[in-house]
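What follows is a short report on a single structure.
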2 protein chains.
Amino acid sequence: MMLHNRLKVARVTFGNLTQQGLAELVGCSRQTINSIENSKFVPSVALALTIAKVLEQKLEDIFYLQREEDGHS
Amino acid sequence: MMLHNRLKVARVTFGNLTQQGLAELVGCSRQTINSIENSKFVPSVALALTIAKVLEQKLEDIFYLQREEDGHS
DNA sequence: ACTTAATGTCAAGTTTACTTTACATTAAGT
DNA sequence: ACTTAATGTAAAGTAAACTTGACATTAAGT
């Protein structure tokens, strides 16, 4: 089970935020947002909840688990 | 905003699992479960999602943010 | 063509999640 | 009183999150 996310879409859909803009609202660095969007690392629940809150979405609508690669049959 | 959780209750309510039992189902160590329950550290979203899935609960019903201490009027 | 904003990415450093091992305590069963 | 299961906790080590700083690239505006 691997973590996937729709952060980039959620961020733009909600108010055309930039990575920098979201980072400031959330209280983390731009690189952290970038790294999450590009699945370079998986955030803590606290950060994920904060991001979801800022973007006014349910956490599960942004972050979700999926069978390791190849869920597209 | 601090992370709080109802893991201990959720774990027992769902099937009377022990920390060890939950750890095995989730795929982490018993100490990790214990540390999360006692708020010694905040888990990754991936782990939190896995725990929620195993306990058949929505993540937000187990993990949630709350104003730093003193939420009691 | 030049500037500027936004993004991707890398490197070095700090902090914290998470592991294993181990031991003390408490509660329940015999 | 003795055992055993469950939990709390701590120490040492590894892995990964997250920081700052910096630089390259791409897209948009002038």
Side-chain angles (χ1 to χ4, degrees), chain A residues 1-69 71, chain B residues 1-69 71:
Chain A
M1 285 298 215
M2 200 189 163
L3 185 73
H4 289 249
N5 75 84
R6 300 187 243 276
L7 183 49
K8 185 171 212 147
V9 173
R11 168 171 60 83
V12 174
T13 299
F14 175 95
N16 254 305
L17 286 177
T18 63
Q19 292 181 345
Q20 176 72 10
L22 177 57
E24 284 165 6
L25 289 175
V26 156
C28 71
S29 70
R30 179 180 70 84
Q31 286 80 347
T32 295
I33 297 296
N34 186 319
S35 296
I36 294 170
E37 287 189 357
N38 297 318
S39 292
K40 294 291 173 53
F41 57 69
V42 2
S44 68
V45 215
L47 182 52
L49 282 167
T50 304
I51 290 173
K53 186 175 189 177
V54 164
L55 298 183
E56 292 171 11
Q57 293 235 6
K58 292 201 317 180
L59 186 144
E60 290 94 337
D61 289 337
I62 301 182
F63 298 98
Y64 55 97
L65 296 172
Q66 208 170 96
R67 305 206 176 303
E68 329 273 321
E69 231 55 35
Chain B
M1 284 299 215
M2 198 189 164
L3 185 73
H4 288 249
N5 75 82
R6 299 187 243 275
L7 183 49
K8 186 170 211 146
V9 173
R11 168 171 62 83
V12 174
T13 299
F14 175 95
N16 253 307
L17 286 176
T18 63
Q19 293 180 344
Q20 177 71 11
L22 176 58
E24 282 164 9
L25 289 174
V26 156
C28 69
S29 71
R30 178 180 71 83
Q31 286 77 351
T32 294
I33 298 296
N34 186 319
S35 296
I36 294 171
E37 287 190 356
N38 297 319
S39 293
K40 294 291 173 53
F41 57 70
V42 1
S44 68
V45 214
L47 182 53
L49 281 168
T50 304
I51 290 173
K53 186 177 190 176
V54 164
L55 297 184
E56 293 171 9
Q57 293 235 7
K58 294 199 318 181
L59 186 144
E60 290 93 338
D61 289 337
I62 301 181
F63 299 98
Y64 56 97
L65 296 172
Q66 206 170 96
R67 305 206 175 306
E68 329 274 321
E69 230 57 34

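Note on naming: letters A, B, ... go to the chains in the order of the sequence lines (proteins, then strands), and numbering restarts at 1 for each one.
- Note: Ile62(A) CD1 to Leu55(A) CG = 5.0 Å, rounded to the nearest 0.5 Å.
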Output field dot_bracket for DNA chain D (Watson-Crick or G-U, both distances under 3.5 Å, | for other-strand pairs) contains ||||||||||||||||||||||||||||||
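- In this structure, the CD1 atom of Ile33(A) is 18 Å from the C1' atom of dA5(C), given to the nearest Å.
- Ser44(B) and Val42(A) get closest at one heavy-atom pair: CB-CG2, 3.6 Å.
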Using a cutoff of under 3.5 Å, can you pull out all pairs of nitrogen or oxygen atoms linking the protein to nucleotides 22-30 of chain D, with atom names and distances?
from: dA22(D); atom 1: N6; to: Gln31(A); atom 2: NE2; distance (Å): 3.2

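- Within the nucleic acid shown, Ser35(B) has no heavy atom closer than 4.0 Å to any nucleic acid atom.
- Nearest to the side chain of Asn34(B), among dT9(C), dT7(D), dC18(C), sits dT7(D).
- Along DNA chain C, the nucleotide nearest to Lys40(A) and the one nearest to Leu47(B) differ in position, and the one closer to the 5' end is contacted by Lys40(A).
- No donor-acceptor distance shorter than 3.5 angstrom exists from the side chain of Arg30(A) to the backbone of Ala23(A), with no hydrogens or angles considered.
- For the pair Lys8(B) and dA6(D), the criterion of a side-chain N or O lying under 4.0 Å from OP1 or OP2 is not met.
- At dC18(D), one or more side-chain N or O atoms of Ser44(A) fall inside 4.0 Å of OP1 or OP2 (strictly under the cut-off).
- For the pair Leu3(B) CG and dA17(D) P, the interatomic distance rounds to 17 Å; values are reported in whole Å.
- dC10(C) atom C1' lies 13 Å from atom CZ of Phe41(A), rounded to whole Å.
- Regarding Asn38(A), its CG atom lies at a distance of 5 Å from the P atom of dG8(C), rounded to whole Å.
- DNA chain D is contacted by Cys28(A) of residues 15-28 of chain A, taking any non-hydrogen atom closer than 4.0 Å.
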